[in-house]
**Student:** 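There's a structure below that I have some questions on.
FYI, the numbering just counts along the sequence from 1.
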Amino acid sequence: MERTEEGSNMTRVVADISTSIDGFVGGPNDSRENPLGDGGERLHEWVYELDSWRTAHGLEGGKTGRDDEVLAESNENIGAVVMGRRMFDNGEGPWEADPYEGHWGENPPFGVPVFVLTNHSREPLEMKGGTTFTFVTDGIESAVERATEAAGDGDISIAGGGSTIRQCLEAGLLDELEIHLVPVLLGDGIRLFERSDTDGIDLERTRVIDSAGVTHIRFHVDP
């Protein structure tokens, strides 16, 4: 798949995700009712009171500062999003007769086209605020290609979960990875990295920003 380029600006494929010290991006026993798994909310407590997160979710008030700047920066040039089925609804099998419309209600915070990796076909789901979920059944390369076409001059966000980010790395499609390292130990759950074809991939650390509740580490993925 070829990347689009406008002058000196090239569409980037980026991922950022909160991770525990022991490498988990979600707790065990995740479900539609418990989407982040047992204890998984702890990974995102640094986000919930930030101004940029609250604004994107239609809430007023919030903290500003370096963490808020990092979060806002990660969202400022996103033209399309790719996510896994597990992130969308914690499901795996065929869609129900009246399928679930995702964890974010009728006005999701994305505001751009979202491409959901799944093994089961489904008609696109158009929501309020500019978000349309399109369900992709032919793999990560197809999802990223369709997202690139939809993004225009914007970047592609690989929103998660861990499996989707790993697939993007394995396919050689990811340009940048930012890990928000949270000082907790979950002990079990959904890992960001398992044994896979990501072995041997080189990352170049390009930025580290530390704060009381989280350390932001950005990596460039060597081609």
Side-chain angles (χ1 to χ4, degrees), residues 11-19 25-26 30 32-37 40-90 100-117 124-135 143-144 146-148 150-162 164-165 168 174-182 192 207 209 211-218:
T11 296
R12 301 177 306 147
V13 180
V14 301
D16 68 276
I17 192 164
S18 293
T19 308
V25 297
D30 67 298
R32 186 176 299 175
E33 296 73 27
N34 184 28
L36 295 174
E41 290 281 347
R42 298 165 66 197
L43 299 176
H44 302 277
E45 288 176 351
W46 69 273
V47 168
Y48 296 140
E49 296 303 317
L50 299 182
D51 180 72
S52 54
W53 186 88
R54 294 180 64 82
T55 298
H57 288 78
L59 303 172
E60 296 183 356
K63 298 178 181 179
T64 58
R66 199 64 186 102
D67 288 341
D68 185 59
E69 291 171 1
V70 168
L71 184 65
E73 183 184 69
S74 70
N75 294 321
E76 66 183 1
N77 192 45
I78 300 303
V81 172
V82 174
M83 69 172 61
R85 166 77 185 274
R86 196 170 190 173
M87 182 175 176
F88 178 77
D89 74 342
N90 294 87
Y100 189 57
E101 296 189 345
H103 293 305
W104 302 276
E106 63 181 11
N107 190 11
F110 306 103
V112 295
V114 179
F115 297 86
V116 181
L117 283 173
L125 177 62
E126 188 172 342
M127 309 294 281
K128 292 182 178 179
T131 299
T132 296
F133 294 104
T134 298
F135 302 91
V144 172
R146 295 176 70 173
T148 300
D153 295 336
D155 293 332
I156 313 304
S157 170
I158 310 299
T164 303
I165 292 174
C168 198
L174 194 65
D175 297 308
E176 182 178 285
L177 172 64
E178 186 153 25
I179 291 176
H180 309 291
L181 190 63
V182 182
L192 176 56
R207 187 178 77 175
I209 297 173
S211 67
V214 60
T215 300
H216 312 282
I217 311 172
R218 178 182 291 174

**Student:** Could you verify whether a donor N or O on one side chain and an acceptor N or O on the other, from Asp16 and His216, lie under 3.5 Å apart?
**Tutor:**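 Side chains of Asp16 and His216: no pair found under 3.5 Å.
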
**Student:** Could you pull out the closest heavy-atom pair between Val112 and Ala80, with the gap in Å?
**Tutor:**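 Shortest heavy-atom contact: CG2-CA, 3.9 Å.
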
**Student:** Minimum heavy-atom separation for Pro124 and Thr134, please, with both atom names.
**Tutor:**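 Looking at all heavy atoms of both residues, the closest pair is CB-OG1, 4.3 Å.
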
**Student:** Apply side chain to side chain donor-acceptor pair (under 3.5 Å) to His180 and Asp67, showing your working.
**Tutor:** CA-CA 10 Å; His180 309 291; Asp67 288 341; over 6 Å; no

**Student:** Any donor-acceptor pair under 3.5 Å linking the side-chain atoms of Ser211 with those of Trp46?
**Tutor:** no

**Student:** Which heavy atom of Leu117 sits nearest a heavy atom of Ala143, and at what distance?
**Tutor:** CD2-CB, 3.8 Å

**Student:** Quick check: does any side chain N or O of Asp68 sit under 3.5 Å from a backbone N or O of Leu50, one acting as donor and the other as acceptor?
**Tutor:** no

**Student:** Could you tell me whether Glu69 and Arg66 have a side-chain N and a carboxylate O separated by less than 4.0 Å?
**Tutor:** yes

**Student:** Looking only at non-hydrogen atoms, find the nearest pair between Cys168 and Val13 and report the distance.
**Tutor:**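 For Cys168 versus Val13, the nearest heavy atoms are SG-CG1, 3.9 Å.
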
**Student:** Could you label the plane-to-plane angle of the Tyr100 and Phe88 rings as parallel, tilted or perpendicular, counting under 30° as parallel and over 60° as perpendicular?
**Tutor:** perpendicular

**Student:** Testing the basics here: between Phe115 and Ala147, what is the closest heavy-atom pair and its distance to 0.1 Å?
**Tutor:**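 Looks like CE1-CA, 3.5 Å.
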
**Student:** In the structure I gave you, are the side-chain heavy atoms of Arg207 and Val70 within less than 4.5 Å of one another anywhere?
**Tutor:**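 A side-chain contact under 4.5 Å exists here.
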
**Student:** Closer than 3.5 angstrom, by distance alone: can the side chain of Thr55 be matched with the main-chain N or O of Ser52 as a donor-acceptor pair?
**Tutor:**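 No; judged by distance alone, with no hydrogens or angles, the pair does not exist.
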
**Student:** Which residue, Ile158, Leu43, Ile165, forms the side-chain contact (heavy atoms from CB on, under 4.5 Å) with Ile17?
**Tutor:**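 The side-chain contact (heavy atoms from CB on, under 4.5 Å) with Ile17 is passed solely by Ile165 among Ile158, Leu43, Ile165.
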
**Student:** Evaluate the criterion side chain to side chain contact (heavy atoms under 4.5 Å, CB included) for residue pair Glu178 and Val14; output intermediate values, then yes/no.
**Tutor:** CA-CA 8 Å; Glu178 186 153 25; Val14 301; over 6 Å; no

**Student:** Report yes or no: does Arg54 contribute a side-chain atom to a donor-acceptor pair with the main-chain N or O of Gly61 at less than 3.5 Å?
**Tutor:**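 Yes; at least one donor-acceptor contact below 3.5 Å.
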
**Student:** Identify the heavy atoms of Asp175 and Arg12 that sit nearest to each other, and give their distance.
**Tutor:**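 For Asp175 versus Arg12, the nearest heavy atoms are OD2-CA, 3.4 Å.
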
**Student:** Donor-acceptor pair, Thr131 side chain versus Gly111 backbone, under 3.5 Å?
**Tutor:**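 Indeed, once roles are kept as given, a pair shorter than 3.5 Å links the two residues.
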
